[in-house]
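Worksheet: the structure to be examined is printed underneath.
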Amino acid sequence: MTALVFGTLTMAYAQVAPAFPASRMIRLVASPVRWELAPGRRVVAWAYNGQVPGPLLRVREGEGVRIVVENRLPEATAVHWHGVDVPWPMDGVPGITQVPVASGGRFVYAFTVHPAGTRWYHTHADEVGQLDRGLHGLFIVDPLGERPAGREYVLVLGSWVTGQGRPVRRSPQDGMMQGMRERMGIAGPPYDTFTVNGKAFPATAPLRVRRGEHVRLRILNASGHAHFALRLEGHGLRVTHTDGNPLQEPVEVDVLPVAPAERYDVEVLATRPGKWVLRDVTPEVAAAGLQVLVVYEGYETAPVSSDPRPESALRRWTYALGRGVDLLPRPSGQPRRYHLVLGWGMMMAPDRWTINGRAYPDTVPLRVRFGDPVRLRLFNMSPDSHPIHLHGHSFRLRSWNGRVFPASLVKDTVDLPPMGEAELEFVARNPGRWLVHCHKVLHMHGGMATLVVYE
Ligand code: C2O
Ligand code: CU
């Protein structure tokens, strides 16, 4: 195992899976299940182990796992471990790293888990049909040493097309652009329900806190398209980790935008006893379910407090506010550079999403050699934002929208707004063929994907 990760290219991929001593067995059964999103709003979800989100997997960095995935869905599937640096045959991408797990079949994923942080897992087959049906879950990798003490909650945000409510297509990101996208027919799936840990308000489970506590929230946007922006009334959100990777010091904001596939760990200082609401700042999104009560001990029957500050007075998170801890291998030598222009088929082909004018699988792969520093410059020349995810490697966010960062954030997904640009850097030391793609399922399906291929 270790030899594959740190060794040379000549290691055979075939030796990866079966032969290593795993300390932890995990079973994930994917199947349809009746699921109640909120009282009266029932759907047939597709779920791992009968629950949405799937079971919280929690292991220690460096632990070996064997995860047996059984497919009891009516179609093929595969599971991707997003943000975990697995060896590539374990990456869960049908057609690239494995044959899809047929209906009725099973597949054993075996790998050593690293790096530490808030990671997640989700289906990587027929993402348009499967991801927003519930096939996703959180995967927490604890660092060696002390397990973080204190109260902690996970918030897995989801979006649903149930056909039982009015579609909400407003994104908190950019209201005007969204109107334009609606006219162009690229506003995304007609989501009518939004959930926190599989439930829509008022069915969401309240977060109980005690005065004086520091509460850690691990937030994941598991939606296949929706951007969220969270606010906890009466409290700041202190961002401590981006995509699971630590900041040098916490950054306090009032509003936290979370793009699809991104994770944020935040800390809340419980200093204002009462009953408060954590919700999306877009009222239509909150009304369609994305709300959770935060209830201080002793205030269970209190009325809900509110914070009258207007949105314009609130401090909003952007990547430029954070200073990352640099955990990644130091680059040495000349970087390989690639420019990727994210484009769109325009009115003639509104479902087509491209990289340098081509749609996957016709995109040009990015060739790298083991040990290379690789720099990807991304330019978004399309009318929607794109959360771009790199498989198999975390990267440094060197710059974003014209700002060059002295202390790069470490991430595995970066959101590019329309006309936005970014530069990422990673060191190629996980041999294989790795997807780079937009995490919005329709964009990915429409072609916005390519591969990083080791020579
Ligand atoms: Cu989270 Cu290619 O995926
Ligand atoms: Cu996209």
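As the structure lists them, so they are numbered: ligands from 1, and atoms in each ligand from 1. Note that these values count all heavy atoms, side chains included, but never hydrogens, waters or copies made by symmetry. Everything numeric in this text was worked out from a predicted model, so none of it was measured.
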Carboxylate-amine/guanidinium contact [X] [Y], below 4.0 Å:
X    : Y    : answer
R336 : D372 : yes
E36  : R41  : no
D384 : R181 : yes

Margin query: Per the side chain to side chain donor-acceptor pair (under 3.5 Å) rule, what does the pair list look like for residues 91-100, sequence neighbours excluded?
Written below: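 Of all non-adjacent pairs touching residues 91-100, those that pass side chain to side chain donor-acceptor pair (under 3.5 Å) are H80-D91, D91-H391, Q98-Y109.
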
Notebook entry, point to check: Which residues satisfy the side chain to side chain donor-acceptor pair (under 3.5 Å) test with D132, sequence neighbours excluded?
Noted result: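 Side chain to side chain donor-acceptor pair (under 3.5 Å) list for D132, sorted by chain: S159, Y191.
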
Margin query: Between N356 and H339 (side chain of the first, backbone of the second, donor and acceptor by atom type, cut-off under 3.5 Å), is there such a pair?
Written below: yes

Next item on the list: State the CD1-NE2 distance between I388 and H439, to the nearest 0.5 angstrom.
Entry: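 It is 10.5 Å, given to the nearest 0.5 Å.
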
Margin query: How long is the straight-line distance from CH2 of W81 back to CH2 of W120, given to the nearest 0.5 Å?
Written below: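 Rounded to the nearest 0.5 Å, the CH2-CH2 separation comes out at 12.5 Å.
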
Notebook entry, point to check: Can you list the protein N, O or S atoms less than 2.8 Å from atom 1 (Cu) of ligand 1?
Noted result: H82 ND1, H122 NE2, H439 NE2

Check: Side chains of T195 and W160: donor-acceptor distance under 3.5 Å anywhere?
Finding: yes

Next item on the list: Everything protein-side that's N, O or S and under 2.8 Å from the Cu ion (ligand 2): list it, residue and atom.
Entry: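 For the Cu ion (ligand 2), the protein N, O and S atoms that sit under 2.8 Å away are H386 ND1, C438 SG, H443 ND1.
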
